[in-house]
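Contents: one structure, followed by commentary.
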Amino acid sequence: MLNRERHNFIFQTITLAGLIFCSAAIQVDAQTVVVKLRSGDRISGNIVSETTNQIVISNAWAKSISIPLAEIQSREILPPPVAATNPIVVAKTTPAPATPVVVSPPKPAIKPKGPKDWHGDVQVGADVGISEKNRQLYYAKFKITYAPVRDAGPMGTSRLIDRFRNTFDYNAAYGTTDGILSANRMDGSSKTDFDLGTSRRVFVYNLFGAGYDEIRKIERRYEIGPGVGYHLFTRTNFILNAEIGLNYQAQYLQNREKTERVYYRLAEDLTWKISKSLTFDEKFEFFPQVNFDEYRMRFESNLRYWLLENISFNLTVVDTYDTQVAPNVDRNDLQIRSSIGVKF
């Protein structure tokens, strides 16, 4: 009984010593040492095993190095390596100074040019012939139109009206043939139109004219008369108007005779923009007397070729006819002329 207990004690003691030895071996295996030999050399590595006579070291150059304990002068146990950490360094950046933005003051709005209230046209020409008969004829035509397109509206606003128009025409001619006066006349007229209604198709007008013609023995004359008209066509390139009204005319002839008559007035006028460089306009007026005994008429047409935007070459035909004229004066007067025109 005692022997059995003794054997158990011995077995437990050996087992416990083995466990302690294995634990120490595991701990030694985990150690990294630097061994300093008596010769002055140094060997570093991990201790693989150690006995009472030697130690065995393993490193990167040799798997197993046996060192007798008698050759060892000292040894140094290195601390276990600490996992290197790479801290993330956040660089503090200083923002670049902002470039100053120069803000220009706002440009004043450019007010678009509105339509002009005044329009004008000047034509001048000359017919000069040097042959069996020497002839010089000079003529001019001036036309200006006033058509206000805006008026003041409420609260300082403006609105388009484009209802009122006033047209002034002036014609003059002077010429000689072999030193004898062959042309000396002047005519002027002023016509005022005003559109009615919302459609602006119907308009009323008043016409006033005056002039003289020395060759036709008219010292002076004047006429006046109201009427009504209708815009038949108002296209961008084609305009046609028709008019009807009354006309009072008074003439003072060179023989001191004065004539006064009332006429009806039937008229039409046309403007046609054939192309960018070619336009055509014409006007016809027919004046029968109220009792239809006598009449007079006037026709004028202009064909214009635009050399520049506001300069044109014009071919004009004017024909007048009057059944009541001074003695020895032809009833018909036909004029064909060419001229250079300037539009403004």
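Sequence positions, counted from 1, serve as the residue numbers for this chain.
A cation-pi contact, defined as under 6.0 Å to the ring centre and within 45° of the axis, is absent between K141 and Y170.
No side-chain N or O of E282 forms a donor-acceptor pair with one of S301 less than 3.5 Å apart. Between S58 and N46, the side chains place no donor N or O within less than 3.5 Å of an acceptor N or O (distance only, hydrogens not considered).
Salt-bridge annotation for R304 and D121: present, with a side-chain N of the basic residue lying under 4.0 Å from a carboxylate O of the acidic one. Between D195 and R201 there is no salt bridge, since none of the side-chain N atoms of the basic residue sits less than 4.0 Å from a carboxylate O of the acidic one. Salt-bridge formation is detected for the pair R296/E223: a Lys NZ or Arg NE/NH1/NH2 atom is positioned less than 4.0 Å from an Asp or Glu carboxylate oxygen. Between D281 and K283, no side-chain nitrogen of the basic residue sits less than 4.0 Å from a carboxylate oxygen of the acidic one, so the salt-bridge criterion is not met.
When all heavy atoms of F313 and S338 are compared, the closest pair comes out as CZ-CB, 4.0 Å. Smallest separation of non-hydrogen atoms from A242 and F203: O-CZ, 4.4 Å. Closest non-hydrogen pair, K217 versus P327, comes out as NZ-O, 3.3 Å. What you find for L137 and A173 is that their closest heavy atoms are CD1-CB, 4.5 Å.
More than 12 heavy atoms of other residues, nucleotides or ligands lie within 6.0 Å of CZ in F238, so this atom counts as buried by the packing criterion.
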**OP:** Apply salt bridge (Lys or Arg N to Asp or Glu O under 4.0 Å) to the pair K191 and D169, showing each step before the final yes or no.
**Re:** CA-CA 9 Å; K191 183 171 178 287; D169 274 292; over 6 Å; no
**OP:** Would you sort out whether R185 and Q335 count as a side chain to side chain donor-acceptor pair (under 3.5 Å), showing the intermediate values?
**Re:** CA-CA 12 Å; R185 59 178 174 268; Q335 309 163 39; 2.5 Å; yes
Original post:
Going through the checks in order, is the side chain to side chain donor-acceptor pair (under 3.5 Å) test met by N291 and D293?
Top reply: CA-CA 6 Å; N291 54 11; D293 291 339; 2.9 Å; yes
Subject >> side chain to side chain donor-acceptor pair (under 3.5 Å) between S312 and N314, intermediate numbers included >> reply: CA-CA 6 Å; S312 62; N314 312 303; 2.9 Å; yes
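The ring of Y146 has its center closer than 6.0 angstrom to the ring center of W118. Note: F287 and Y295 fail the aromatic proximity criterion, with ring centroids not under 6.0 Å apart.
A distance-only check finds no donor-acceptor pair linking the side chain of Y174 to the backbone of L181 [under 3.5 Å]. Side-chain atoms of S190 never come within 3.5 Å of backbone atoms of F208 as a donor-acceptor pair (strictly under, hydrogens ignored). No donor-acceptor pair under 3.5 Å is formed between the side chain of R220 and the backbone N or O of G211. Side chain of D178 to backbone of I180: no donor-acceptor contact under 3.5 angstrom is found. Listed for the E300 side chain is no donor-acceptor partner under 3.5 Å among the backbone atoms of T320. Although no hydrogens or angles enter the test, the distance criterion places a donor-acceptor pair under 3.5 Å between the side chain of R163 and the main chain of G197.
Here the CD1 atom belonging to I144 is positioned 5.0 Å from the CZ atom belonging to F344, to the nearest 0.5 angstrom. The CZ atom of F284 sits 13.0 Å away from atom CD of E243, with the distance rounded to the nearest 0.5 Å.
Under the side chain to side chain contact (heavy atoms under 4.5 Å, CB included) rule, Y321 has a single partner from V325, D319, T323, which is T323. With respect to D187, the salt bridge (Lys or Arg N to Asp or Glu O under 4.0 Å) criterion is satisfied by exactly one of R221, K143, R216: R221.
Hydrophobic clustering places I72 together with I47 (ILVMFWY residues linked when any side-chain heavy atoms are closer than 4.5 Å, directly or through intermediates). Criterion: ILVMFWY side-chain heavy atoms under 4.5 Å apart, direct or through other members. Under it, I244 and Y230 are part of a common hydrophobic cluster.
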